[in-house]
Amino acid sequence: MWLTAFPEGEQVRAASFLALVFWRPIRFHRAARFLPADSEILAMRLSRYFMPILKEPPREAEIVSHRLMLRAGMMRQEAAGIYAFLPLGLRVLNKISDIVREEQNRSGAIELLMPTMQPADLWRESGRYDAYGKEMLRIKDRHERDMLFGPTNEEMITEIFRAYVRSYKDLPLNLYHIQWKFRDEVRPRFGLMRGREFLMKDAYSFDVDQAGAEHSYNKMFVAYLRTFARLGLKSIPMRADTGPIGGNLSHEFIILADTGESEVFCHKDFLDRATPPEDVNFDDRAALKTIFDTWTSQYAATSDMHDAAAFAQVPADKQVSARGIEVGHIFYFGTKYSEPMKAVVATGQGGDVPVHMGSYGIGPSRLVAAIIEASHDEAGIIWPEAVAPFKVGVLNLKQGDAATGAACEDLYRGLGAKGIDVLYDDTDKGAGAKFATADLIGLPYQVMVGPRGLAEGKVEVKNRKTGSKELMSPAAALDLLTR
RNA sequence: CGGGGCAUAGCGCAGUCUGGUAGCGCGUCUGGUUUGGGACCAGAAGGUCGCAGGUUCGAAUCCUGCUGCCCCGACCA
């Protein structure tokens, strides 16, 4: 548009200047011009991607998710407990965050975004500036004002709430954000599992009374069950200690993984209980209460809360003791913050009351690691389809061969055009190396395109999870993978 | 914060005890031959040995201090 402001002769120079500046994107567009615009970010040629895989795991990585994330080129450590997400890791993180977001929205929670930096004064109001201890990273700005890198956001959300909401008519309200947190752990470890900087979805509910707050709690409870199920995980809610955040109703959501950091005990029925359906009515108090009761009626506890006598009441063939990873935590804490911070609403019956609050956390960055812990084998990661960085890998087993090249291009473009996330391994590597890479980064479906199969008009589709391989025509593969 | 360990090329490691011109594998680059489970041959590039001091004719190696990272424990999304 503003090009027209150039004198005639200048337009050419301006245009070529732009071409220079945007040379890389233009080159990409040219190569991908058969794809609709929206698909360009979904489809990727490995030869042009940034995915620095490692054959050997770096020495510092001890646990499997940490090793595999480093080997798959998903992240890079920059300091103890602090990681850069590389492109492959970011794709997974974003897919997890999107699912978390969808389920929060479905439950009626509303997204906003609070800053990572917070003024200390807010925390002095709640009394937590002194109480939180050294885990809170404290900073002074240039004017010597006390600031902090937020470890959580109860104070700030309460400040926002009290600034605008005055009436019971505006309740219930649940506000959430997905933002980086910083907790200066004494001993960060296990890669993303216990980092110092981590991504957290934290939601905060506001209700006029305890009954309302319990309904809000149940909404999150159900949303969490759905979220973890969609991420391909079996989650088990376990009664939890309320810890430093305070309150009196709290559950941890634990997923089972052999390498999990805590020991858990539960009733076997948890493992095949049906996930609440997509169309569950979040406004139906009784229905949500029923789901909550069903999911909390049987024994489930981490070693901290374990009661051996109660566990012994579970029939022997139903006793499960396993290892687990905490991936979510929900709290109801009443008026712990609303009272000191004066977040009050008119009740409609004369007078104000402090609102009843709850907070609800899920760590998407920890989930990246937790999913790997729960789903991997000797060869590498086995991504659940919903969070895989790419759903399909197209492997050209004989790079430079005209026939395999053409078949791969067709599949690559065909999948991309249908909106499938596809990674096309068009590198010079040998077939074996490509198999190893595809398995390492855990692509759910891998299409092997080589001269041997192509001679009979076939490609091979491999399922990463089951290991099954099937020969079929490229058209059948396209059909299968876009279904 | 207590205890233990590590730091040498992009990654994994040897060399340190017993001081004497810094090595191996993988990866990278060039050329060629290859191509269905981490190919082969030939050649090449790449390191102030974590940092600072000290001892010595000479330090990756010995001494002192510091920093970073990992593991176990206590603590935690």
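Proteins come first, then strands; the chains are lettered A, B, ... in the order of their sequence lines, and each starts at number 1.
- Of the candidates rC1(B), rG38(B), rG36(B), the closest approach to any side-chain atom of Ala433(A) belongs to rG38(B).
- Annotation: Phe221(A) is in aromatic contact with Phe253(A) [ring centroid separation under 6.0 Å].
- Taking atom C1' in both rC49(B) and rA60(B), the straight-line distance is 5 Å, to the nearest Å.
- Comparing rU61(B) with rA22(B), their P atoms sit 13 Å apart, to the nearest whole Å.
- When distances are taken from the side chain of Phe190(A) to each of rG37(B), rG36(B), rC72(B), the shortest belongs to rC72(B).
- Taking the six-membered ring for Trp and the full ring otherwise, the centers of Trp180(A) and Phe198(A) sit at least 6.0 Å from each other.
- Distance check on atom P: rC70(B) versus rC62(B) gives 25 Å, rounded to whole Å.
- On the P atoms, rC72(B) is 44 Å away from rG58(B), given to the nearest whole Å.
- For Phe311(A) and Tyr299(A), the distance between ring centers is under 6.0 angstrom.
- If you measure from atom CD of Glu56(A) to atom P of rA14(B), you get 12 Å, rounded to the nearest angstrom.
- Look at rC49(B): it lacks any Watson-Crick or wobble partner with both distances under 3.5 angstrom.
- The side chain of Arg452(A) lies closest to rG36(B), out of rG37(B), rG36(B), rA77(B).
- Remark: P of rA77(B) and CG of Asp184(A) are 15 Å apart, rounded to the nearest angstrom.
- A distance of about 25 Å separates the C1' atoms of rU55(B) and rG47(B), rounded to the whole Å.
- If you look at Phe265(A) and His306(A), their ring centroids are closer than 6.0 Å.
- Residue Tyr204(A) contributes atom OH, which lies 13 Å from atom P of rA77(B) at whole-angstrom precision.
- Aromatic pair Phe390(A)/Tyr49(A): centroids less than 6.0 angstrom apart.
- Distances shown here put a side-chain N or O of Arg59(A) below 4.0 Å from the OP1 or OP2 atom of rU8(B).
- One finds no side-chain N or O of Lys458(A) lying less than 4.0 angstrom from the OP1 or OP2 phosphate oxygen of rG36(B).
- Across every strand in view, rA22(B) sits unpaired, with no contact that passes the Watson-Crick or G-U test at under 3.5 angstrom.
- At the phosphate of rC70(B), OP1 or OP2 sits under 4.0 Å from a side-chain N or O atom of Gln77(A).
- Distance from the side chain of Arg366(A) is smallest for rA77(B) among the nucleotides rG12(B), rA77(B), rG37(B).
- Residue Arg187(A) places at least one side-chain N or O under 4.0 Å from the OP1 or OP2 atom of rC72(B).
- If you check rC71(B), rA77(B), rC69(B) against the side chain of Met200(A), the one that comes closest is rA77(B).
- Comparing the C1' positions of rG54(B) and rC13(B) gives a spacing of 30 Å, expressed to the nearest Å.
- In this model, the phosphate group of rA77(B) is not approached by any side-chain N or O of Lys201(A) to a distance below 4.0 Å at OP1 or OP2.
- Distance check on atom C1': rA59(B) versus rG53(B) gives 13 Å, rounded to whole Å.
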